[in-house]
2 protein chains.
Amino acid sequence: MPVDLTPSQALGLWHEVTSQQVQQDGRDLTLRQLAILLEIYLVPPPHTVRGLASKLGVTKPVITRALDTMGDLGLVTRMRDDRDRRNVIIKRTVDGALYLERLGDLIIARGRAQTA
Amino acid sequence: MPVDLTPSQALGLWHEVTSQQVQQDGRDLTLRQLAILLEIYLVPPPHTVRGLASKLGVTKPVITRALDTMGDLGLVTRMRDDRDRRNVIIKRTVDGALYLERLGDLIIARGRAQTA
DNA sequence: GGCAAACGATACGGTAGCGTAACGAAACGC
DNA sequence: GCGTTTCGTTACGCTACCGTATCGTTTGCC
């Protein structure tokens, strides 16, 4: 696994991972969409549209659109908040967890190859 | 610096970097564009449209479009190959090198914060 | 010279992203 | 109750990407 990465090695790792991801995954998420997805899965819930927007410094429609797209892909789901029905709670899905699990494994694998 | 990354930490690193990149950089390159840019800067030249297309498993118009966009952003340049004027040689630029240098530093900085 | 192959760019119709602005629904304040 | 604020979503016009197919140019081959 990667030990003491230099900036050059870090870019090499990014290169390996993005390249492989482009080749093998037909979904081709935007950088923004990926950031949103990671935020949802790595930060403790609950997640709302407004919260994600302010956290990432983008407008609300950007979040709505990203959730539409990733919802169609099965990576996330949305539910109304029953305690405050103005809010929408973003939920994780099994497919989304699998997607990120595969990404994590890819990074490790490439990182290992990188420093090997 | 990152030592012995677990898959979870790897995703955390990706999260930090994509998130910060989304927030601070207005350019918002596609994952494909980023992969192309990294290929150009990290793999020894010469680079051609056809070569990049086959290397990344995409069609030639994808490369042409990406080079158009990144050319407008000043990240790459193109020149005709004088020895075989059918070819186009993709050249690096100072701005492109700076862009990736900043990305590399960002990864290191976030990786350090990640494991700190 | 002339035909086929290779290269990168372009055209086309379609899809998905963007920012700004406005919208309906729900909660809050008085 | 009723205006105001706060949600998330939708509408609009625009830009940029996609894949497939085709184009013009250049080279290679005979």
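Excluded from the calculations below are hydrogen atoms, water molecules and symmetry mates; all remaining heavy atoms, backbone and side chain alike, are included. Numbered from 1 within each chain, the chains take letters A, B, ... in sequence-line order.
- Panel note: side chain H47(A), backbone I40(A); a donor-acceptor pair is recorded below 3.5 Å.
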Tell me which donor-acceptor pairs under 3.5 Å the side chains of residues 94-103 of chain A have, and how far apart each pair is, sequence neighbours excluded?
from	atom 1	to	atom 2	distance (Å)
Y99(A)	OH	Q21(A)	NE2	3.2

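- With salt bridges taken as basic N to acidic carboxylate O contacts below 4.0 Å, one links D68(A) and R78(A).
- R50(B) comes within contact range of the sugar-phosphate backbone alone, with a heavy-atom separation under 4.0 Å but no base atom that close.
- Checking side-chain atoms of T48(A) against main-chain N and O of N87(A) turns up no donor-acceptor pair under 3.5 Å.
- Using a distance-only test at 3.5 Å, with no hydrogens or angles considered, a donor-acceptor pair links the side chain of Q23(B) to the main chain of K55(A).
- On the nucleic acid side, DNA chain D has its first and last nucleotide under 4.0 Å of a heavy atom of chain A at dT6(D) to dT10(D), going 5' to 3'.
- If D81(A) and A66(A) are placed on DNA chain C by their nearest nucleotide, the residue sitting closer to the 5' end is A66(A).
- Extent of DNA chain C lying under 4.0 Å from chain B heavy atoms, first and last nucleotide in 5' to 3' order, is dA6(C) to dT10(C).
- Judged by distance alone, with hydrogens and angles left aside, the side-chain atoms of S19(B) form no donor-acceptor pair with the main-chain N or O of A35(A) at under 3.5 Å.
- Taking the side chain as every heavy atom from C-beta outward, L75(B) and R27(B) approach each other to under 4.5 Å.
- Side chain of T6(B) to main chain of Q9(B): a donor-acceptor pair is present (N/O by atom type, distance under 3.5 Å, no hydrogens or angles).
- Side-chain atoms of R110(A) do not come within 3.5 Å of backbone N or O of L13(A) as any donor-acceptor pair.
- Heavy atoms of R65(B) sit under 4.0 angstrom from at least one base atom.
- Comparing the start and finish of the helix from dG1(C)-dC30(D) to dC30(C)-dG1(D), five pairs each, the helix axis swings through 10°, to the nearest 10 degrees.
- Counting only residues at least two apart or on different chains, the ring-ring contact (aromatic ring centres under 6.0 Å, His included) pairs with a member in residues 6-39 of chain B are W14(A)-W14(B).
- Annotation: of the two residues near DNA chain C, D68(B) and D82(A), the 5′-most nearest-nucleotide partner is D68(B).
- When the nearest nucleotides of DNA chain D are assigned to P61(A) and R86(A) by heavy-atom distance, the more 5′-ward of the two goes with R86(A).
- M79(A) belongs to no hydrophobic cluster, as no Ile, Leu, Val, Met, Phe, Trp or Tyr side chain comes under 4.5 Å of its own.
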